[in-house]
> 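Below you'll find the structure I mean.
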Amino acid sequence: TKQLCPYAKFYEDLGWVNVAPYAANGGWGASISAHTTPDRQKALADFFLWASSKEQSQQYVIANATLPWYEINGQDPWRKSQLDVDKWVAQGYDRELSQQYVESISSNLVSKNVVVEARFPKAGEIMGVLDKEVNEYLVLAHEGAIAEEDKPKERRKTAQRITDQWNQIIRAYNARGDTVAPILEIYQRLRGVYVPNEDRNYLVDIRPLGFTMMALVWAFAIGSIVWVYIK
């Protein structure tokens, strides 16, 4: 429903479908060692500035369309200046396709429901399992190797295989001697939803005092009853 998935789109044949653009690559980063000489630090900083400049980066992001495929870097745009349709057209690309490509990236960047790449230990291995199992199912389904009535059952089997392999990877990592924190905790911290599993029963420390006071109250009550009875 639109209430459960506020960013969903409605399709006549499917109904509401949650739309979550996948940012497969979360960005690029560069660092300079603090243990090298100042001259080398400056040289590396100058290189980073040159490589990431508007003029230089455009050469390997918007490569000439006439180049052989093996000479094209295939780098995704990572500067706003690289989302200029005219620059793609000037390099020999079709305007309509370039427009679709740029609009697709631009809409994903501003989406409030965008999904970033997984950034926890063993993420590559975990995503590799997903890619392998889903691809194998799709190939078999496309080739007609799975009967139509068997597809729901095969999808459930595929999902179960993925789950089993993921759990195995996670358990193996969590059991390592050098593991600082379990994968679930790391993921929760990255998402900003981690809540420490701690005992919030603050009465534990004062419980003995409570028992003592309760005993005194009972003793006073019994003593009062005895005194009243005698008198």
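Treat the numbers as computed from the prediction; the structure is a model and nothing was measured.
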> State, to 0.1 Å, how close K54 and S81 come at their nearest heavy-atom pair, and which atoms those are.
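Smallest heavy-atom distance, with atoms named: CG-OG, 3.5 Å.
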
> Would you be so kind as to tabulate the donor-acceptor pairs closer than 3.5 Å made by side chains of residues 121-128, with sequence neighbours excluded?
{"residue": "K122", "atom": "NZ", "partner": "E125", "partner atom": "OE1", "Å": "3.4"}

> Quick check for you: to the nearest 0.5 Å, what is the distance between T179 atom OG1 and E185 atom CD?
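Answer for the OG1-CD pair, T179 versus E185, is 11.5 Å.
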
> Between CD1 of I62 and OH of Y93, what distance do you get to the nearest 0.5 Å?
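If I round to the nearest 0.5 Å, the distance is 8.5 Å.
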
> Could you check if a side-chain atom of L138 sits within less than 4.5 angstrom of a side-chain atom of N135, using non-hydrogen atoms only?
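Answer no - side chains too far apart.
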
> Could you walk me through whether Y7 and K112 pass the side-chain contact (heavy atoms from CB on, under 4.5 Å) check?
CA-CA 8 Å; Y7 303 104; K112 295 182 179 180; 3.3 Å; yes

> Do any N or O atoms from the side chain of S104 and from the backbone of Y101 form a donor-acceptor pair under 3.5 angstrom?
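No, S104 side chain to Y101 backbone: no donor-acceptor pair under 3.5 Å.
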
> So how far is it from D84 CG to S98 OG, rounded to the nearest 0.5 Å?
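The distance works out to 10.5 Å.
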
> Determine the minimum heavy-atom distance between I186 and A181, stating which atoms define it.
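I186 and A181 have their closest heavy atoms at CD1-O, 3.5 Å.
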
> Between Q160 and D164, do the side chains contain a donor N or O and an acceptor N or O under 3.5 Å apart?
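Judged by distance alone, the side chains do pair up.
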
> Please go through F47's hydrophobic cluster and name the other residues, only I, L, V, M, F, W, Y counting, with side-chain heavy atoms under 4.5 Å joining them.
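For the cluster that includes F47, the remaining residues are I32, L44, F48, W50.
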
> Could you tell me which non-hydrogen atom of S57 sits nearest to which non-hydrogen atom of R79, and how far apart they are?
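Scanning both residues completely, I find the closest heavy atoms to be OG-CD, 3.6 Å.
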
> Side chains of S111 and N113: is there a donor and an acceptor less than 3.5 Å apart?
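No donor-acceptor contact under 3.5 Å links the two side chains.
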
> Measure the spacing between CG of L184 and OH of Y194 and express it to the nearest 0.5 Å.
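Rounded to the nearest 0.5 Å, the CG-OH separation comes out at 9.0 Å.
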
> Can you name the ring pair (Phe, Tyr, Trp, His ring centres under 6.0 Å) partners of F120, sequence neighbours left out?
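Partners of F120 by the ring pair (Phe, Tyr, Trp, His ring centres under 6.0 Å) criterion, ordered by chain and then number, come out as Y187.
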
> Identify, with sequence neighbours excluded, every residue that meets salt bridge (Lys or Arg N to Asp or Glu O under 4.0 Å) alongside R95.
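Partners of R95 under the salt bridge (Lys or Arg N to Asp or Glu O under 4.0 Å) test: D86.
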
> Rest of the hydrophobic cluster containing V114 (Ile/Leu/Val/Met/Phe/Trp/Tyr, side-chain heavy atoms under 4.5 Å)?
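V114 clusters with nothing; isolated.
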
> Start with the C-alpha gap between R171 and N167, add the side-chain angles, then the distance that decides, and say whether side-chain contact (heavy atoms from CB on, under 4.5 Å) holds.
CA-CA 6 Å; R171 283 195 297 267; N167 287 333; 3.4 Å; yes

> Starting at CH2 of W78, measure out to CD1 of I105 and round the result to the nearest 0.5 Å.
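One finds 13.5 Å between CH2 of W78 and CD1 of I105.
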
> For R40, does the CZ atom have more than 12 heavy-atom neighbours from other residues, nucleotides or ligands under 6.0 Å away?
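It does not: R40 CZ has 12 such atoms or fewer within range.
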
> Name the one of E154, E133, E136 that satisfies salt bridge (Lys or Arg N to Asp or Glu O under 4.0 Å) with R161?
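Single pass found, and it is E133.
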
> Does L83 belong to the same Ile/Leu/Val/Met/Phe/Trp/Tyr cluster as L97, with side-chain heavy atoms less than 4.5 Å apart forming each link?
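Cluster IDs for L83 and L97 differ.
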
> Any non-hydrogen side-chain atom of K9 less than 4.5 Å from a side-chain atom of V17?
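They are not in side-chain contact.
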
> Could you go through residues 140-152 and list every donor-acceptor pair under 3.5 Å that involves a side-chain atom there, pairing it with any protein atom two or more places apart or in another chain?
{"residue": "E148", "atom": "OE1", "partner": "K151", "partner atom": "NZ", "Å": "3.1"}

> Please answer: with hydrophobic residues joined when any side-chain heavy atoms are less than 4.5 Å apart, are I170 and L130 in the same cluster?
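Yes.
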
> Determine yes or no for a side-chain-to-main-chain donor-acceptor pair under 3.5 angstrom, with Q165 supplying the side chain and V129 the backbone.
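Such a contact is absent between Q165 side chain and V129 backbone.
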
> Determine yes or no for a side-chain-to-main-chain donor-acceptor pair under 3.5 angstrom, with N174 supplying the side chain and I183 the backbone.
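Indeed, once roles are kept as given, a pair shorter than 3.5 Å links the two residues.
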
> Going hydrophobic residue to hydrophobic residue with side-chain gaps under 4.5 angstrom, can you get from L190 over to Y173?
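Same hydrophobic cluster.
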
> Apply side-chain contact (heavy atoms from CB on, under 4.5 Å) to S53 and L49, showing your working.
CA-CA 6 Å; S53 65; L49 288 172; over 6 Å; no

> Just how far is it from atom CD of Q58 to atom NZ of K87, taken to the nearest 0.5 Å?
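Separation between the atoms: 4.5 Å.
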
> In this structure, are over 12 heavy atoms from other groups packed under 6.0 Å from Q168 atom CD?
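No, not enclosed.
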
> Please report the shortest heavy-atom distance between P77 and W88, naming the atom on each side.
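So the two residues come closest at CG-CZ2, 4.0 Å.
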
